[in-house]
Undergrad: 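Pasting a structure here, questions to come.
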Amino acid sequence: MKIIENNEKTKIHLKINGKEYETEVEPRRLLVHVLRDLGFTGVHIGCDTSNCGACTVILNGKSVKSCTILAVEADNSEILTIEGLAKDDKLHPIQEAFWEKHGLQCGYCTPGMIMEAYWLLNQNPSPSEEEIREGISGNLCRCTGYQNIVEAIKLASQKMRISAFQP
Ligand code: FES
Ligand code: FES
C-alpha cells in the first residue's frame, strides 16, 4: 500500500474530455480545484457543503459533484466537463436546447446543470417532467425558477431522440 504524507505531492493522471493530463497534487486537494487549475473553469464552485451541484462533471460515466472528491481519488479516471460537450464548434443538443428555451441567466449553474441533464438523458432518454425535476434536484439555480431548464431538458430529449444522438 502506498502511503502519502500530509503535504507530500503525488502524481495523478486524468483523462479529461478525451485528452491525457498529468499533474501533482497534495492528498487534500479537491478535484474541482484541480480541474479548474487545468483550465476547465466552466466547472464552478457554488457552495462548500455539497448541495449546489455547480461543480458537476461526469466521472467514469457517472455524474458526480467534483467538490466532494479528492483529486487523488480520481487518479486514472475519465472525466467529461462542459468544455468537452460541443463537437467541432457544433453545440451538443442539450446546449442548443438551453439556448433555445432560455434555460439560463447568469450562467453560473449552467455547466453543472447541463452535465447533470446529460447524465439524466443518458439514463432515461424520455423523462417525464417529474423525472426531470427529480433528476436535477441536486443542482441549484438562483435565477431561472427552473421552469425553462425543465423545458430545455424536454426539448433536448426530443432533439436527441429525433437525431438518435447518443450522449
Ligand atoms: S460546489 Fe456546491 S456541490 Fe460542489
Ligand atoms: S442561471 Fe444563474 S444560477 Fe442558474
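Both ligands and their constituent atoms are indexed starting at 1 by order of listing.
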Undergrad: Would you mind listing which atoms of ligand 1 come within a distance below 4.0 Å of any non-hydrogen atom of Gly46?
TA: 1 (S)
Undergrad: In the protein, what heavy atom is nearest to atom 1 (S) of ligand 2, and what distance, to one decimal place, separates them?
TA: Gln105 N, 3.3 Å
Undergrad: Kindly indicate, with the supporting measurements, whether the criterion side-chain hydrogen bond (donor to acceptor under 3.5 Å, both in side chains) is fulfilled by Glu116 and Thr56.
TA: CA-CA 7 Å; Glu116 189 61 29; Thr56 303; 4.5 Å; no
Undergrad: Is the His44 ring parallel, tilted or perpendicular to the Tyr108 ring (thresholds 30°, 60°)?
TA: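 Taking Tyr108 first and then His44, their aromatic rings lie parallel (interplane angle under 30°).
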Undergrad: Mind reading off the angle at atom 2 (Fe) of ligand 2 between the SG atom of Cys106 and the SG atom of Cys143, rounded to 10°?
TA: 100°
Undergrad: Quick check for you: with atom 4 (Fe) of ligand 2 as the vertex, what angle do SG of Cys141 and SG of Cys109 span, to 10°?
TA: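 Between SG of Cys141 and SG of Cys109, at atom 4 (Fe) of ligand 2, the angle is about 100°.
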Undergrad: Show the atoms of ligand 1 that are less than 4.0 angstrom away from any heavy atom in Asn51.
TA: 3 (S)
Undergrad: Can you tell whether the side chains of Lys159 and Glu100 come within less than 4.0 Å, N to carboxylate O?
TA: yes
Undergrad: Under 2.8 Å from atom 4 (Fe) of ligand 1, is there any N, O or S atom belonging to Cys47?
TA: no
Undergrad: Asn7 and Glu26: side-chain hydrogen bond (donor to acceptor under 3.5 Å, both in side chains), yes or no, with the steps?
TA: CA-CA 6 Å; Asn7 53 3; Glu26 283 183 30; over 6 Å; no
Undergrad: How close does the nearest protein non-hydrogen atom get to atom 3 (S) of ligand 1, and which residue and atom is it?
TA: Gly53 N, 3.2 Å
Undergrad: Which heavy atom of His13 sits nearest to which heavy atom of Asp75, and what is that distance?
TA: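 Closest approach of His13 to Asp75, heavy atoms only: N-OD1, 2.8 Å.
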Undergrad: Using a cut-off of strictly less than 2.8 Å, determine whether Cys55 has an N/O/S atom near atom 4 (Fe) of ligand 1.
TA: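 Of the N, O and S atoms in Cys55, at least one lies under 2.8 Å from atom 4 (Fe) of ligand 1, which means yes.
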Undergrad: For Val43, does its backbone N or O pair with a side-chain atom of Arg36 as donor and acceptor, under 3.5 Å?
TA: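 Such a contact is found between Arg36 side chain and Val43 backbone.
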Undergrad: Against heavy atoms of Arg142, which atoms of ligand 2 measure under 4.0 Å?
TA: 3 (S)
Undergrad: Can you list the atoms of ligand 1 that are under 4.0 Å from a heavy atom of Ser50?
TA: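 Listed by number with element, the hits are 3 (S).
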Undergrad: What atoms in ligand 1 come closer than 4.0 Å to a heavy atom of Cys52?
TA: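 Contacts of ligand 1 toward Cys52, numbered from 1: 1 (S), 2 (Fe), 3 (S).
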Undergrad: Any idea which atoms of ligand 2 are less than 4.0 Å away from a heavy-atom of Gly107?
TA: 1 (S), 2 (Fe)
Undergrad: If only side-chain N and O atoms count, and only distance matters, is there a donor-acceptor pair under 3.5 Å linking Ser128 with Glu130?
TA: no
Undergrad: Among Ile94, Ile82, Asn139, Thr110, whose side-chain contact (heavy atoms from CB on, under 4.5 Å) with Met115 holds?
TA: Ile82
